[in-house]
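Take a look at the structure below.
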Protein chains: 2
Amino acid sequence: MTLDREQVLRSAAALLIHKSTATMDEVAKAAGIGRATLHRHFAGRDALVKALEDLGIQAFEAALDAARLDEGTAEEGLRRLIAAVEPSAGLLSFLVTENQLFEGDQVHEGWNRADARVSAFFRRGQERGEFRIDLTPAWLTEALYGLIGTGAWAVQVGRVATQDFQYMIVELLLGGARRSVEQ
Amino acid sequence: MTLDREQVLRSAAALLIHKSTATMDEVAKAAGIGRATLHRHFAGRDALVKALEDLGIQAFEAALDAARLDEGTAEEGLRRLIAAVEPSAGLLSFLVTENQLFEGDQVHEGWNRADARVSAFFRRGQERGEFRIDLTPAWLTEALYGLIGTGAWAVQVGRVATQDFQYMIVELLLGGARRSVEQ
DNA sequence: CCCTGATGAGACAATCATGTCTCATATGGC
DNA sequence: GCCATATGAGACATGATTGTCTCATCAGGG
């Protein structure tokens, strides 16, 4: 009887990723529950998005943990991070876009935590001589988010094969488009 | 007396870039005109977005022309393209996001034209041995759009300095984050 | 088997954005 | 100065969405 809150959130995410303007009624139908029940568990649309935000942050921080960014080379860490983040790429992409709409409102402190970890990772990579120092950690962080979102969308519309998601992102982010001598 | 249609579109773009959900009333106020006048010139919100789309495509195709992608090395062409596109980056970023919402609806043929030009540019670069062949032209095209959008946003929120916009995008797209031997 | 609690369906009012309309005003050409 | 035209302000109806409520139904525990 007890409603599976997690399951509702996951189907809501799946819907909102593709149609960010979906109504509460559509969300409810997608989750296979009534609109009233949806309202009983999430006070309103804002509360629903907030819950999705919590879910996304949790997933992203779990991916950061699973990636063990400190082990091995920075390149290996980045590959593990992108691999770990792939299942949540759509949700994270949705949340990043949604976040950009929040004008001056306070952002979820979880994003700041995650940003700091990613940014620090790129900084360490620079200090160890693995990453270029002329691209700022803040930019590399944003670029990573942007490419994950672009990659998720490209896969969704079929411009990139699902199995190429990780490769395309990692290779572009690490090596760029230029054909270098060692290749 | 004649209303400056171009000026209205530009202020609408400036507003919608930051707040994609702005109402017609807000758009009118931002343009310094009445809502009725706005409706007289643009039948509805859809027509307004369509007009912005035309404006954005026109700007992007003008940038493609100005970049002279065929002259010199592919790298030089890409640098010129990003420089030429910078003034319209915000508008283009908004339109790309907006386009992703159009479910199965037909996309503006202008995007297909532009996509084809960019994609062909990357393909030529590959054929001439300047670009890696393991990253598909379609992905490089999407990544370019994504990075332009990310860059425009990063500049807008102050994470990247305005004068670094071009450099950050071009360098990441071409060379990637990895520190290579020649550096 | 009964009873408690959650659910689904639907009614309902309130809100908001939209699109249309009217009317008074102002601008610019003649 | 006059007139045609465009504009601004606002009223109005409409449709969509939201949030709340009621009520009948159903499932599970005791």
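What's counted below: heavy atoms across the whole structure, side chains too, no hydrogens, waters or symmetry copies. Every chain is numbered from 1, with letters handed out A, B, ... down the list of sequences. Quick caveat: nothing in here was measured; it's all calculated off a predicted structure.
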Got a salt bridge between [X] and [Y], using NZ or NE/NH1/NH2 to carboxylate O under 4.0 Å?
X         : Y         : answer
Asp134(B) : Arg179(A) : no
Arg123(B) : Glu127(B) : no
Arg132(A) : Glu171(B) : yes

* Given salt bridge (Lys or Arg N to Asp or Glu O under 4.0 Å), test Asp46(B) with Lys50(B) step by step and report yes or no. => CA-CA 6 Å; Asp46(B) 291 344; Lys50(B) 181 70 165 53; over 6 Å; no
Rounded to the Å, how far apart are [X] [atom1] and [N] [atom2]?
X        : N       : atom1 : atom2 : value
Lys29(A) : dG8(C)  : NZ    : P     : 12 Å
Ile33(A) : dT25(D) : CD1   : C1'   : 17 Å
Arg40(B) : dG8(D)  : CZ    : C1'   : 8 Å
Leu38(A) : dT18(D) : CG    : P     : 10 Å

* Taking ring-ring contact (aromatic ring centres under 6.0 Å, His included) as the test, write out the residues that go with Phe122(A), two or more places apart. => Phe131(A)
* Structure fact -> With sugar-phosphate taken as primed atoms, P, OP1 and OP2 and all else as base, the protein-contact string of nucleotides 10-19 of chain C at under 4.0 Å (heavy atoms; B, S, -) is BB-----SBB
* Asked: Are OP1 or OP2 of dT7(C) and a side-chain N or O of His41(A) less than 4.0 angstrom apart?
  -> yes
* Look at the aromatic rings of Trp111(A) and Phe60(A) and report parallel, tilted or perpendicular, splitting at 30° and 60°. => tilted
